Amino acid sequence: MASTEDDRQVRISKIAGRYLVFDIDDVAYIRRQHGICAVFTGTMPQNPTQNVFLGLPLELYAEDAKMLLDRKVAYIADDPLEHLTQLKSMDDETRKSYLQSIKTQRRTAQLVFNEAKAQSMAKHKDKRKPKQPQPPVVVPTELPLSASSADDVAAAVDQEEEGGAESLLESSSSKPVKTDSSTPPQKPLVKEKLPAITPTTSNAMISNGTSNPDVENHTALPLYSYLNERGYFITPGLRFGGDFSVYPGDPFRYHAHYMANSYGWDEKIPMLDLVTSGRLGTAVKKSFLMGGQKPATENSEAGELRAFCIEWAGM
């Protein structure tokens, strides 16, 4: 990693109202240290229609972004504004430095490709069966010539000695070409061929922490932080009929235990929502969790958060 985890500042790019992380080291850091999974949204240009194995960038909830800001481990950058500002004010030294960083990434990619190719060739070489030795072919050194063929060969040799024709076994291109011995032969210049890459970040061009816009629409932050601080991992819960899917550990190792919805402290919850959410959660082998935080008053800050689980019995 470029920096240690103690002083790492995750760059969150705000683009069209969405909070995106483009650096793979930042993605690994927030997942390992802060239990934030979020959602990968990127596809490869070679296969843009596939939606099974997505990649960078990582899209965060507004609650994710706000929580990382509160913990002082991230900053939010207004990417469109910063790119335009930096491109207009870029000097020659900064431009050369950025192009050099791109070239370094291309060389690194070339080394990775070469290493993978060498490993693949070595793997297939071990699996390849050895060829069976072929019996030697005996070629006679002298073949008997008929009278007519002997006369034809003698006539061809005589004609070649007189210089009247070229040899039948020698083409014009195989004749030695006279060169000037005083000038050494020039080797053609070979241009370094490096693979084309698409940079995932512009960190080499844009400085850190130049802007820090506010995070909007983080209404479920109290419940989200409440679960995250207790070691739960949270992912989108739309496919299970809730706001969040709540896991007791990393989703790579565990199934979700809860589907969670956040409500206001004084918000009225229709009985139909409780019944449908409870039955749906039980049908997908999960408990339905709902929670809300006591609002702040003039004399006190935001109060405690209460959460309840509903599980339908008899199904």
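Computed from a predicted structure; not experimentally measured. We count residues from 1, following the sequence as given.
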Q: For the atom pair CG (Asp64) and CD1 (Ile36), what is the distance rounded to the nearest 0.5 Å?
A: 4.5 Å
Q: When you measure from the side chain of Lys286 to the backbone of Val284, do you find a donor-acceptor pair of N or O atoms at a distance under 3.5 Å?
A: yes
Q: Any donor and acceptor pair, going by atom type alone, linking the side chain of Thr108 with main-chain N or O of Thr104 inside 3.5 Å?
A: yes
Q: For residues Cys309 and Leu289, report the shortest heavy-atom separation together with the two atoms involved.
A: SG-CD1, 3.9 Å
Q: CG of Asn261 to CE of Met290: how many Å apart, nearest 0.5 Å?
A: 9.5 Å
Q: Take Leu58 and Leu60 through the side chain to side chain contact (heavy atoms under 4.5 Å, CB included) test and state the conclusion after the steps.
A: CA-CA 6 Å; Leu58 183 79; Leu60 303 177; 3.9 Å; yes
Q: Restricting to pairs with a member in residues 243-259, which pass salt bridge (charged side-chain N to carboxylate O under 4.0 Å, His left out), not counting sequence neighbours?
A: Arg31-Asp250
Q: With sequence neighbours left out, write down each residue that passes side-chain contact (heavy atoms from CB on, under 4.5 Å) with Thr41, or none if nothing qualifies.
A: Arg18, Val39, Pro57, Glu59
Q: Working to the nearest 0.5 Å, report the span between CZ of Phe244 and OG of Ser262.
A: 7.0 Å
Q: Has Asp92 got more than 12 heavy atoms of other residues, nucleotides or ligands less than 6.0 Å from its CG?
A: no
Q: About how many Å separate OH of Tyr247 and NE2 of His255, when rounded to the nearest 0.5 Å?
A: 9.0 Å
Q: What is the minimum heavy-atom distance between Ala220 and Glu63, and which atoms define it?
A: N-OE2, 3.3 Å
Q: Write down the atom of Met259, the atom of Gly281, and the distance for their closest heavy-atom approach.
A: SD-CA, 3.4 Å
Q: What's the separation between atom NZ in Lys14 and atom CG in Leu81, rounded to the nearest 0.5 Å?
A: 12.0 Å
Q: So does Glu82 pair up with Arg11, basic N to acidic O under 4.0 Å?
A: yes
Q: What I'd like to find out is whether the side chain of Lys103 reaches to under 4.5 Å of the side chain of Arg107, using heavy atoms alone.
A: yes
Q: Let's go through Phe288 and Tyr258 carefully: what are the C-alpha distance in whole Å and the side-chain angles of both, what is the deciding distance for ring pair (Phe, Tyr, Trp, His ring centres under 6.0 Å) to 0.1 Å, and is it a yes or a no?
A: CA-CA 6 Å; Phe288 172 60; Tyr258 308 100; over 10 Å; no
Q: Is Lys66 salt-bridged to Asp70, cutoff N-O under 4.0 Å?
A: yes
Q: Excluding sequence neighbours, so at least two apart, what forms side-chain contact (heavy atoms from CB on, under 4.5 Å) with Val112?
A: none
Q: Using a 3.5 Å cut-off and no angle test, enumerate the donor-acceptor pairs between side-chain atoms of residues 230-240 and protein atoms at least two apart in sequence or in another chain.
A:
residue: Arg230; atom: NH1; partner: Tyr226; partner atom: O; Å: 3.1

Q: Counting distance only, does the side-chain N/O of Ser225 pair as donor-acceptor with the main-chain N or O of Leu221 below 3.5 Å?
A: yes
Q: Is it the case that one hydrophobic cluster holds both Ile269 and Ile310, taking links as side-chain heavy atoms less than 4.5 Å apart, direct or via other members?
A: yes
Q: According to salt bridge (charged side-chain N to carboxylate O under 4.0 Å, His left out), does anything in residues 267-276 pair up with another residue at least two apart or in another chain? List the pairs.
A: none
Q: Determine, step by step, whether Ile12 and Leu68 satisfy the side chain to side chain contact (heavy atoms under 4.5 Å, CB included) criterion, reporting the C-alpha distance in whole Å, the side-chain angles of both residues, the deciding distance to 0.1 Å, and the verdict.
A: CA-CA 10 Å; Ile12 302 174; Leu68 291 174; 4.1 Å; yes
Q: Indicate yes or no for a side-chain donor-acceptor contact from Gln293 to the backbone of Pro222 under 3.5 Å, with no hydrogens or angles considered.
A: no
Q: Looking at Arg8 and Asp25, what are the two nearest heavy atoms and their distance?
A: NH2-CB, 3.8 Å
Q: Test Tyr19 against Val215 for side chain to side chain contact (heavy atoms under 4.5 Å, CB included), laying out the working first.
A: CA-CA 9 Å; Tyr19 302 96; Val215 179; 3.7 Å; yes
Q: Once you round to the nearest 0.5 Å, how far does CG of Leu274 lie from CZ of Arg279?
A: 13.5 Å
Q: List the steps, then state whether side chain to side chain contact (heavy atoms under 4.5 Å, CB included) holds for Leu111 with Glu115.
A: CA-CA 6 Å; Leu111 293 176; Glu115 183 178 356; over 6 Å; no
Q: With sequence neighbours excluded, tell me which residues meet side chain to side chain donor-acceptor pair (under 3.5 Å) with Asn228.
A: Arg71
Q: Is the centre of the Tyr29 ring less than 6.0 Å from the centre of the His34 ring?
A: yes
Q: So, are Arg306 and Glu304 salt-bridged, with charged N and O less than 4.0 Å apart?
A: yes
Q: Of all the heavy-atom pairs spanning Val27 and Val21, show the shortest one and how long it is.
A: CG2-CG1, 3.9 Å
